[in-house]
Amino acid sequence: MMQHELFAEPREPLAEGAVLLRGFCAREVESLLRELDSVTAPAPFRHMITPGGYRMSVAMTNCGPLGWVSDASGYRYSGTDPVSGAPWPAMPEGFVRLAQAAAAAAGFPAFAPDACLVNRYEPGAKLSLHQDKDEKDFRAPIVSVSLGLPATFLFGGQRRKDPVRRFRLVTGDVVVWGGPARLTYHGVSPLADGEDTLTGRYRINLTFRKAG
Ligand code: MD3
Ligand code: FE
């Protein structure tokens, strides 16, 4: 009986070390977006420039002790916002609680993120296939939280040319990537236009990392 669930399994393994927790924070989306305002007031979204000189289609900001930044000199984590010169805003309490609860649910009980990169997609915005490897320690997982418009997530392998699988991520979904999945190539397809009741024409993604 138990192996024939009537409803979709909320805990869906994507690969060894990667688990999709469908709707894990569905009831908190509104409060997470309200807490996000306390981040974007002092540290507004901005389009960073790649080391190759291109403007990223995804707008970004950060909260927590460290923030991911890109400019002509490269990708790195920085304790200060290069726009304001000030430290990044603190990680809101609800963000920290969610990241720890999701990591624990995926088998990483002591996750202590020191960086939260916030990505904002507008229709057409995308993230090309890449690895996240600017963090110091790959033993910690990355927790990713989807808010607002749905997206098609691209999940490849350990090499850029490995075949890519596609997953639809909707508001309230959380994915935990750790262990052997930590250095998997991944990306996001160009966002389709739409209207979300809370975010309008945007998709927001929070990624919690142990960067330092
Ligand atoms: C798989 N963000 O910020 S989150 C990123 O939806 C990033 O905004 C995407 O990729 C987004 O770097 C995807 C999912 C994600 C994040 C990190 C990963 C998947 C990952 C690290 C390793 C493997
Ligand atoms: Fe990434």
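Whatever order the structure lists ligands and atoms in, that order sets their numbers, starting from 1.
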Requested in this report: Determine, considering heavy atoms only, which of Thr184, Asp132, Asn119 sits nearest to atom 2 (N) of ligand 1.
Outcome: Asn119
Query - Nearest-0.5 Å distance, CG of residue Leu147 to CZ of residue Arg120 - result: 13.5 Å
**Report entry** atom 11 (C) of ligand 1: nearest protein contact (heavy atom, Å)
**Finding:** Tyr121 OH, 3.0 Å
Query raised in the report: Roughly how far, to the nearest 0.5 Å, is SG of Cys25 from CG of Asp173?
Result: 8.0 Å
Query raised in the report: the Fe ion (ligand 2) as vertex, arms to NE2 of His186 and OD1 of Asp132: angle to 10°?
Result: 90°
Report task. Taking only heavy atoms of Arg182 into account, list the atoms of ligand 1 that are under 4.0 Å away from them. Result -> 21 (C), 22 (C), 23 (C)
Query raised in the report: Salt bridge or not for Asp114 and Arg209, using N-O below 4.0 Å?
Result: no
Query - Arg201 bridged to Asp193 by N-O distance under 4.0 Å - result: yes
Requested in this report: Measure from the Fe ion (ligand 2) to every N/O/S atom of His130 and report the name of the nearest one.
Outcome: NE2
Report task. Please state whether the rings of Trp177 and His186 are parallel, tilted or perpendicular, taking 30° and 60° as the class boundaries. Result -> parallel
Requested in this report: Would you mind checking which non-hydrogen protein atom is closest to atom 21 (C) of ligand 1, with the distance to 0.1 Å?
Outcome: His186 CE1, 3.5 Å
Query raised in the report: What do we get for Arg203 next to ligand 1 when only non-hydrogen atoms under 4.0 Å count, side chain, backbone, both or neither?
Result: side chain
Query raised in the report: Out of curiosity, Phe153 CZ to Ser189 OG, how far, rounded to the nearest 0.5 Å?
Result: 10.0 Å
Report summary line: The closest protein heavy-atom partner of atom 15 (C) of ligand 1 is Trp177 NE1, 3.3 Å
Report summary line: When distances are taken from atom 13 (C) of ligand 1, the protein heavy atom at minimum range is Phe153 CE1, 3.5 Å
Report summary line: On a heavy-atom basis, the closest approach of Val69 and Pro82 is CG1-CD, 3.9 Å
Report summary line: ligand 1 to Val188, heavy atom cutoff 4.0 Å, flagged ligand atoms 6 (O), 9 (C), 11 (C)
Query raised in the report: Roughly how far, to the nearest 0.5 Å, is CZ of Phe24 from CZ of Arg11?
Result: 9.5 Å
Query raised in the report: Going by the atom numbers of ligand 1, which of them fall below 4.0 Å from some non-hydrogen atom of Leu127?
Result: 2 (N), 5 (C), 7 (C), 9 (C), 10 (O)
Query raised in the report: If you measure from the Lys or Arg side-chain nitrogens to the Asp or Glu carboxylate oxygens, is any gap between Arg159 and Asp162 under 4.0 Å?
Result: yes
Requested in this report: Would you check whether Arg209 reaches within less than 4.0 Å of ligand 1, judged by its heavy atoms?
Outcome: yes
Query - Structural part of Ala181 in contact with ligand 1, heavy atom criterion under 4.0 angstrom - result: backbone
Requested in this report: Would you mind listing which atoms of ligand 1 come within a distance below 4.0 Å of any non-hydrogen atom of Ser144?
Outcome: 4 (S), 14 (C)
Requested in this report: Could you tell me whether Arg76 atom CZ has more than 12 heavy atoms of other residues or ligands within 6.0 Å of it?
Outcome: yes
Query raised in the report: Are Asp81 and Arg46 ion-paired here, with the side-chain N under 4.0 Å from a carboxylate O?
Result: yes
Query - Subset of ligand 1 atoms that lie under 4.0 Å from at least one heavy atom of Ile142 - result: 16 (C), 17 (C), 21 (C)
Query raised in the report: Taking the non-hydrogen atoms of Leu117, is any one of them nearer than 4.0 angstrom to ligand 1?
Result: yes
Requested in this report: Report yes or no: does His130 have a heavy atom closer than 4.0 Å to ligand 1?
Outcome: yes
